[in-house]
Colleague: 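Can you keep this structure in mind? I'll have questions shortly.
Bear in mind that the values here come from a model prediction, so they are computed numbers and not experimental data. Keep in mind that the numbers below use all heavy atoms, side chains included, and drop hydrogens, waters and symmetry copies.
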Amino acid sequence: MNETRRFAVAALLLASVLGTSTARADDMLGSYVARISERDHQASDGYPLDSAAQMVRQDRANWHKFHRRDRDDEGDAWFRSNEDRADLERMLKRGGAMSGATRRAIINGEPLIQVDVYSNSVYVSILED
């Protein structure tokens with residue numbers, strides 16, 4: 001095998017390994033749907049929340065801890081504990097977790113959202129504004 005061909009084969013193998021490890025690093029775990037209602041715009045003790053990440057986290061606290069569920073809410077297997085919900089909020093604050101339009105819709109309204117849950121991230125999209 002000549003030098004150029006060896007280099008090309010090595011590069012392809014490396015790209016294949018890196019691509020596989022990246023996919024495994026953030027596998028999709030599943031999704032859930034939730035209505036972000038007025039009750040999700042307020043913390044458990046009544047003060048107003050000011051970020052979309054806090055509101056999505058409060059929705060999960062309302063579902064799991066307080067059993068205050070909106071008609072459109074679905075359960076999830078990932079955000080049962082306060083620690084898990086704190087992780088959710090951190091992931092929601094990362095770039096790429098939701099668009100600016102999605103953030104504004106959550107803050108200013110009561111949209112129906114879908115949360116796609118990955119092993120190391122989440123992605124929120126609007127199903128109905």
Colleague: Might you point out which heavy atoms bring P111 and G109 nearest each other, and give the distance in Å?
Modeller: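 Answer, listing the atom of P111 first, then G109: CD-C, 3.4 Å.
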
Colleague: Can you measure from CZ (R68) to OG (S37) and round to the nearest 0.5 angstrom?
Modeller: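 It is 10.0 Å, given to the nearest 0.5 Å.
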
Colleague: Please report the shortest heavy-atom distance between Y123 and G96, naming the atom on each side.
Modeller: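 Result for this residue pair: CD1-O, 3.3 Å.
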
Colleague: Output the distance between atom CZ (R90) and atom OG (S121), rounded to the nearest 0.5 Å.
Modeller: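 It is 14.5 Å, given to the nearest 0.5 Å.
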
Colleague: Given a cutoff of under 4.5 Å between side-chain heavy atoms of I, L, V, M, F, W and Y, with clusters grown through shared members, what are the other residues clustered with M91?
Modeller: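 So far as hydrophobic clustering goes, M91 is joined with L29, Y32, I36, Y47, L49, M55, V56, W78, F79, L88, L92, M98, I106, I107, I113, V115, V117, V122, V124, I126.
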
Colleague: Once side chain to side chain donor-acceptor pair (under 3.5 Å) is applied, do any residues pair with E89, and if so which ones, sequence neighbours excluded?
Modeller: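 Checked E89 against side chain to side chain donor-acceptor pair (under 3.5 Å); matches are R57, K93.
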
Colleague: Hey, are H64 and D76 close enough side-chain-wise for a donor-acceptor pair under 3.5 Å?
Modeller: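 On atom types as modelled, these side chains qualify, holding a pair under 3.5 Å.
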
Colleague: Taking all heavy atoms of R60 and all of G75, pick out the closest pair and write down the distance.
Modeller: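 Closest heavy-atom pair between R60 and G75: NH1-C, 3.9 Å.
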
Colleague: Please list all pairs meeting salt bridge (charged side-chain N to carboxylate O under 4.0 Å, His left out) that have one or both residues in residues 33-54, counting only residues at least two apart or in different chains.
Modeller: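 Residue pairs passing salt bridge (charged side-chain N to carboxylate O under 4.0 Å, His left out), neighbours aside: R35-D72, R35-E128, R39-D70.
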
Colleague: Just by modelled atom types, is the W63 backbone N or O under 3.5 Å from a matching donor or acceptor in the R69 side chain?
Modeller: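 Judged by distance alone, yes, a pair lies under 3.5 Å.
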
Colleague: With a 4.5 Å heavy-atom cut-off, do H41 and P48 have their side chains touching?
Modeller: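 A side-chain contact is absent here, since even the closest heavy-atom pair is not under 4.5 Å.
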
Colleague: Going through the distances and angles, do S119 and D27 end up as a side chain to side chain donor-acceptor pair (under 3.5 Å)?
Modeller: CA-CA 6 Å; S119 54; D27 290 332; 5.5 Å; no

Colleague: Could you pull out the closest heavy-atom pair between A61 and R85, with the gap in Å?
Modeller: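 Heavy atoms only, the tightest pair is N-CD, 3.4 Å.
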
